[in-house]
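This report refers to the structure that appears directly beneath it.
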Amino acid sequence: MARASVLEQSSGDYGKVFETLNIKNVTADTTLTASDSGKTIIVNPAAETTITLPDVGLVGWTCRIILDEDEAGTDAGMDAVVNIDLGSGSNLANVGQIYEIAGGAGDAAVANDDFVVFTAAASPGDTVEIFGNGKRWFVYGYVKDLTDGAFSTNATTIA
């Protein structure tokens, strides 16, 4: 009996059944480009690090940024500040929410929140997902504690 085509439901073979993430490892200041869209950016900072997003005009550009410290995911285990520059000085009116898993209410982006800042006391695994519609960035994330990872009007500190 001949086996049915892979494209037929009854064949039992649906081809590749897992997704391979496109990973970019970052340890220092980095400006992301159009070719970084769709990537998972893993940030293990050697020192204070700024991740600058590309031009917001790239409709549909997206990435996920995850903190790492080459350790187990210890609470407050980061050793350096990580800043995500959402277009500082461009008055983009970015939108989104960052949720705290430690029990807080969360943080919503407001006018002039040009950065997402993770302090040196942030936790490995803190994550944000970002996408743009050509006019602004939409940012959604999960952090251990909002005092260590939130929207900010300036780089390096949460304000």
Side-chain angles (χ1 to χ4, degrees), residues 17-56 58-88 90 92-159:
V17 294
F18 61 90
E19 177 182 353
T20 302
L21 290 178
N22 190 347
I23 304 262
K24 178 174 186 165
N25 292 301
V26 171
T27 59
D29 291 352
T30 300
T31 298
L32 301 177
T33 66
S35 65
D36 291 316
S37 184
K39 291 183 179 177
T40 297
I41 313 299
I42 298 179
V43 184
N44 182 358
E48 182 177 308
T49 298
T50 298
I51 307 299
T52 303
L53 298 186
D55 187 306
V56 74
L58 297 170
V59 177
W61 190 94
T62 184
C63 77
R64 175 184 301 142
I65 298 175
I66 302 173
L67 300 187
D68 186 27
E69 194 55 51
D70 279 343
E71 306 177 0
T74 57
D75 182 24
M78 297 303 294
D79 292 330
V81 172
V82 175
N83 306 297
I84 301 171
D85 187 338
L86 303 170
S88 57
S90 301
L92 297 176
N94 301 306
V95 298
Q97 293 94 35
I98 297 176
Y99 300 98
E100 174 185 274
I101 63 167
D107 184 29
V110 296
N112 300 316
D113 275 348
D114 291 339
F115 297 90
V116 174
V117 175
F118 296 99
T119 72
S123 299
D126 287 355
T127 302
V128 291
E129 296 199 30
I130 303 167
F131 63 91
N133 69 350
K135 297 178 184 174
R136 64 180 69 188
W137 295 113
F138 294 82
V139 181
Y140 298 93
Y142 293 95
V143 298
K144 170 69 168 89
D145 191 323
L146 281 173
T147 61
D148 300 319
F151 292 104
S152 182
T153 56
N154 56 31
T156 72
T157 59
I158 296 172

Polar side-chain atom of [X] near backbone of [Y] as donor-acceptor pair, under 3.5 Å:
X	Y	result
Thr30	Ala28	yes
Trp61	Thr33	yes
Ser152	Thr157	yes
Thr127	Ile66	no

Where is the tightest heavy-atom contact between [X] and [Y], given as atom of each residue plus distance?
X	Y	value
Pro45	Thr49	CB-OG1, 3.3 Å
Cys63	Leu32	SG-CD1, 4.3 Å
Asn44	Glu69	OD1-CA, 3.7 Å
Asp29	Thr50	OD1-N, 2.8 Å

What's the separation between atom [atom1] in [X] and atom [atom2] in [Y], rounded to the nearest 0.5 Å?
X	Y	atom1	atom2	answer
Thr62	Asp36	OG1	CG	11.5 Å
Ile41	Leu53	CD1	CG	9.5 Å
Ile42	Asn25	CD1	CG	5.5 Å
Phe118	Ile51	CZ	CD1	10.5 Å

Measure the shortest side-chain to side-chain distance between [X] and [Y] over non-hydrogen atoms and say whether it is less than 4.5 angstrom.
X	Y	value
Met78	Pro124	yes
Ile130	Ile84	yes
Ser37	Leu58	no

| task | Under the salt bridge (charged side-chain N to carboxylate O under 4.0 Å, His left out) rule, collect the residues that match up with Lys135, sequence neighbours excluded. | result |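 If we apply the salt bridge (charged side-chain N to carboxylate O under 4.0 Å, His left out) test to Lys135, skipping adjacent residues, there are no hits.
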
| Listed partners of Arg64 passing salt bridge (charged side-chain N to carboxylate O under 4.0 Å, His left out), at least two apart | Glu129

Which pairs of donor and acceptor atoms, one on a side chain in residues 138-145, lie under 3.5 Å apart (sequence neighbours left out)?
from	atom 1	to	atom 2	distance (Å)
Asp145	OD1	Thr147	N	2.9
Asp145	OD1	Thr147	OG1	2.8

Donor-acceptor contacts, no H, no angles, side chain residues 106-114, under 3.5 Å, sequence neighbours left out:
from	atom 1	to	atom 2	distance (Å)
Asp107	OD2	Phe151	N	3.0
Asp113	OD2	Val110	N	3.0
Asp114	OD2	Gly89	N	3.3

| message | Please enumerate all residues that pass side chain to side chain donor-acceptor pair (under 3.5 Å) together with Glu48, with sequence neighbours excluded. | response | none

| message | Which residues pass the side-chain contact (heavy atoms from CB on, under 4.5 Å) test with Ile158, not counting sequence neighbours? | response | Val117, Thr119, Ala150

